[in-house]
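This report refers to the structure that appears directly beneath it.
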Amino acid sequence: MKFNNIQIVINGFVAIFCIFGLVTDLEAASPSYEPAPLRNQALMFEMSSSGSRQIKLDVNLKKRVAVKKQFSAKKQLPAKKQLFVKKQHLVKKQPAIAKQAEFPRTLYRNKIWKVEGERYDIPLRYTSKVKRIVRRLTTKKRKQIITGMRRSGRYVPMITKMLLEEGMPRDLVFMVPAESNFNVSARSHKSAVGLWQFIASTGRIYGLKINRWIDERRDPVLATKAAIKYLKHLYGLFGDWELAMAAYNTGEGRVKRAIKRAKRKGMKHNYSSLRLPRETRGYVPAIMAMAVIYKNPARYGLGHVRPIQAMDETKASLPVSFSLEEVAQRSKMSFRLLRDKNPALFLGVPPMTQKRYSFYVPQRFHTNLMSSLEQNPAPSKKWGLSYNALLGNSAYVTGVLEKFGAPIYFKVRNGDNLWDLAKKHKTSIRRLARWNKLNSKSILRVNRRMKTYVPTWRVFKEVAGTSAPSSPRLIAQRIRVPKGGSLSVIAKRYRTSVKKLIKWNKLSSPNALRAGQRLVIGYRKVSNSKLPSAANIIRVPRNTTLSHLALRYKTTVKKLMSWNGLTNSKQLRAGMRFYVKAPAKGRKKSQKIIVAKTSSNKAPKVRHRIIRVRNGDTLWRIARFYQTTVKELVVLNELKSASRLRLNQKLIVPFRS
């Protein structure tokens, strides 16, 4: 009985297997059948002129290969059917050819990466880290992605067009959402500003104007031009887009040092194997994740997001005597809309250091502006009251307003007081009292005629022409904490207090001190008033190299080193006075050796050398060694006491040649 049951079960399985095989044969015989691709066909190697690269096939390509194999196996097809199959196969190939035409090869775009059916002209490695970032952006930071995708409609067409005109990879546009999320007013904690997040020093190197009137880092067109120049420079240095993007984030110097360190250890020096900061290690994968999300919005539930309208502004140029408010009135548009279209003019005032300025006007309002200028080309003599708030309340500005401003008059109404009137007319109580000869005993009477001043373009021109009296900068003086050092000993030695040391160094307690720590022991005042007004001397900004300065001031590194007495590029320091043009009195002398003037040519030349105080040195010993006197050393080095010397202190000593 048990044997019969087993036989019945076996017969049932055989019958099911036969039925399944019959159904499969019928499905394979149908013309619409396409077998599923094998798993090992998901990755293939594509040959090119530069070698082979690994690509991931999309579903359509897999099906195309399978269909081609199926038709080649059936050689017994009639001639008409073979012709029909050949034509059908050629029709399927046309979209792939069209896609390849979208990526013409240039010097900067010479490789194509294909991931999940999409083509990219920047390196895109769909690693676990990139997948993790994609998952975080499409879930926890979904609102941020939606906001960026809406803003992208305004800037992506312009950026893509400029990248293609320069022969750059088109997908570099996805650096912008990783940098600023398409926000022109974005500012980072390191004071990087704009779509491409330029810091001030790098922006000036690549031709962007940044001053108290204008910040061209906020201009999307000019910032994109500067970013393309910078990216070209970085790609020329490293020859790899991953390293170029990493250097854009952390600086080319740090990437160079990481490559040098990897080579010294015998390691690979590509992006994935370099030792870089944590932010930079996540920066390039974030760009790759942005590229995947922006090219496949429907896959991540973002297909409903509608980008805003693309930029349709026209660039116009006018003298600085035309205020933006007047431009808005002549164009018959709101002042707020005009300011939104010109984020570089962040004050809402023309840059008064220039004779003319450029701005963007929407095309639908451009004709109104042109027709208004044809009818009345002269600018208005009065500017709006809102510009008063930009001038400040100094006595100098008050005098300029009285001399070049336009007076306007108003009457006092019932319930008015000086505070309300000053707030209404965008001025100060002190100015209103001065211009109307009021004092503490004066009484405001109803219908009294009062006067205030509205700034004109001449007022801003005068204020811009005189540099504001800036308070002297404070530069911190730092030391290294010696072994066994304490705050009380350091405070006593440098004539300060423990409380100040804790405040300056943000210490949690007096015991939070370790040997070798850099400690601020005080501040000294440094004024920029000693610098000449000519543009041939600058203060070296932070994170700047000689090559950057040479590119910015259109000269060579060799000339810069010659003018400034440098023998090595490492001698460049932030904040130092630096010649960017040839000095008027020949080359700058070396800082190490100072030649003293002598009254007679026959007398031996007296030179001065800089030395460092070593352990056990005294002024008497140093004077004896260099054949001079203690008094001369005290005078040369402006020492307050002849007995106090610090270890490693710099001293100027004379020697005769």
Side-chain angles (χ1 to χ4, degrees), residues 108 111 113 115 120-138 140-141 144-145 147-149 151-152 155-156 159 163 168-184 186-199 201-203 206 217 223-224 226-259 261-262 268-295 542-543:
Y108 301 100
K111 287 185 181 180
W113 283 262
V115 178
Y120 303 88
D121 52 3
I122 59 172
L124 200 140
R125 312 183 192 283
Y126 204 42
T127 60
S128 59
K129 188 170 187 177
V130 175
K131 292 178 182 177
R132 190 163 60 249
I133 295 173
V134 168
R135 189 161 53 249
R136 186 178 77 248
L137 291 174
T138 52
K140 292 182 180 179
K141 297 190 176 182
Q144 176 184 332
I145 289 294
T147 304
M149 292 184 78
R151 291 176 183 157
S152 66
Y155 303 110
V156 166
I159 298 173
L163 287 170
M168 302 284 280
R170 183 176 61 182
D171 293 334
L172 286 176
V173 70
F174 299 118
M175 289 177 66
V176 180
E179 286 281 357
S180 62
N181 204 28
F182 291 103
N183 182 9
V184 291
R187 177 182 286 271
S188 72
H189 63 283
K190 293 184 179 179
S191 297
V193 176
L195 282 181
W196 293 91
Q197 290 291 283
F198 276 106
I199 60 174
S201 58
T202 309
Y206 290 94
R217 294 176 293 177
T224 302
I228 290 173
K229 287 182 185 177
Y230 189 26
L231 288 169
K232 281 184 175 181
H233 168 69
L234 294 174
Y235 185 76
L237 284 178
F238 302 108
D240 181 81
W241 278 118
E242 286 180 289
L243 292 178
M245 289 187 286
Y248 189 92
N249 176 258
T250 192
E252 58 191 76
R254 185 169 286 172
V255 175
K256 284 180 180 178
R257 290 193 295 272
I259 292 173
R261 188 164 51 243
K268 293 181 179 178
H269 49 276
N270 52 18
Y271 168 76
S272 57
S273 61
L274 291 182
R275 186 181 175 186
L276 295 169
R278 182 179 179 182
E279 181 185 346
T280 308
R281 291 199 303 270
Y283 176 71
V284 177
I287 296 172
M288 297 177 182
M290 288 291 183
V292 171
I293 294 171
Y294 273 74
K295 285 202 171 187
R542 294 177 63 189
N543 304 321

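Heavy-atom basis, side chains included; hydrogens, waters and symmetry copies ignored.
Residues in residues 226-239 take part in these salt bridge (Lys or Arg N to Asp or Glu O under 4.0 Å) pairs, two or more places apart or across chains: Glu166-Lys232.
Once rounded to the nearest 0.5 Å, the distance linking CZ of Arg170 with CD1 of Ile122 reads 11.0 Å. Separating the CG atom in Leu231 from the CE atom in Met168 is a distance of 5.0 Å, to the nearest 0.5 Å. Taking CG of Leu124 as the reference point, atom NZ of Lys111 lies at 14.0 Å (rounded to 0.5 Å).
Residues satisfying the ring pair (Phe, Tyr, Trp, His ring centres under 6.0 Å) test with Tyr248, not counting sequence neighbours, are Tyr230. In this structure Tyr155 satisfies the ring pair (Phe, Tyr, Trp, His ring centres under 6.0 Å) test with no other residue, sequence neighbours excluded. Applying the side-chain contact (heavy atoms from CB on, under 4.5 Å) rule to Arg281 yields the partners Lys129, Leu276, Arg278; only residues at least two apart in sequence or on another chain are considered. Residues forming a side-chain hydrogen bond (donor to acceptor under 3.5 Å, both in side chains) with Thr280 (at least two apart in sequence, or on another chain): Asn249. Annotation: ring pair (Phe, Tyr, Trp, His ring centres under 6.0 Å) contacts of Tyr235 (sequence neighbours excluded): Tyr108, Trp241.
Counting only heavy atoms from C-beta outward, the side chains of Tyr294 and Asp171 never approach each other to under 4.5 Å. Taking 4.5 Å as the limit, some side-chain heavy atom of Glu252 sits within range of a side-chain heavy atom of Leu234. Here the side chains of Met175 and Ile287 are in contact, with some heavy-atom distance below 4.5 Å. At least one side-chain heavy atom of Lys256 sits less than 4.5 Å from a side-chain heavy atom of Leu237. Asp240 places none of its side-chain heavy atoms less than 4.5 Å from the side chain of Asn270. Val115 has its side chain out of reach of Val292: every pair of non-hydrogen atoms, C-beta onward, lies at least 4.5 Å apart. Looking at heavy atoms from C-beta onward, Ile293 lies in side-chain contact with Val134 at the 4.5 angstrom threshold. For the pair Tyr271 and Met245, the minimum side-chain heavy-atom distance is 4.5 Å or more.
Atom CZ of Arg261 has more than 12 heavy atoms from other residues, nucleotides or ligands within 6.0 Å. The neighbour count for His269 NE2, taken as heavy atoms of other residues, nucleotides or ligands under 6.0 Å away, does not exceed 12.
Pairing each heavy atom of Ser273 with each of Lys268, the nearest pair is OG-O, 2.7 Å. Nearest heavy-atom pair, Ala192 versus Ile199, reported as atom, atom and distance to 0.1 Å: CB-CG2, 4.0 Å. Shortest non-hydrogen contact noted between Leu243 and Leu274 is CD2-CD1, 3.5 Å. The two residues Ser180 and Gly194 come nearest to each other via the heavy atoms CB-O, 3.4 Å. Among all heavy-atom pairs drawn from Pro285 and Ile133, the shortest one is CB-CD1, 3.7 Å. The minimum heavy-atom distance between Leu137 and Met290, with the atom names listed, is CD1-CE, 3.9 Å.
The main-chain N or O of Phe198 is found under 3.5 Å from a side-chain atom of Arg217 such that the two form a donor-acceptor pair. No donor-acceptor pair closer than 3.5 Å links the side chain of Asn181 to the backbone N or O of Thr147.
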Item to complete: Take Met288 and Tyr120 through the test side chain to side chain contact (heavy atoms under 4.5 Å, CB included) and record every step on the way to the result.
Response: CA-CA 10 Å; Met288 297 177 182; Tyr120 303 88; over 6 Å; no

Discussion item. Before you tell me yes or no, could you show the steps for Thr250 and Tyr283 under side chain to side chain contact (heavy atoms under 4.5 Å, CB included), namely the whole-Å CA-CA distance, both residues' side-chain angles and the distance that decides it to 0.1 Å?
Written reply: CA-CA 10 Å; Thr250 192; Tyr283 176 71; over 6 Å; no

Practice prompt. Decide side chain to side chain contact (heavy atoms under 4.5 Å, CB included) for Ile145 and Thr138; before the verdict, give the C-alpha distance in whole Å, the side-chain angles of both, and the deciding distance to 0.1 Å.
Written response: CA-CA 7 Å; Ile145 289 294; Thr138 52; 5.7 Å; no

Practice prompt. Quick one: do Thr202 and Trp196 satisfy side chain to side chain contact (heavy atoms under 4.5 Å, CB included)? Show the steps, please.
Written response: CA-CA 11 Å; Thr202 309; Trp196 293 91; over 6 Å; no

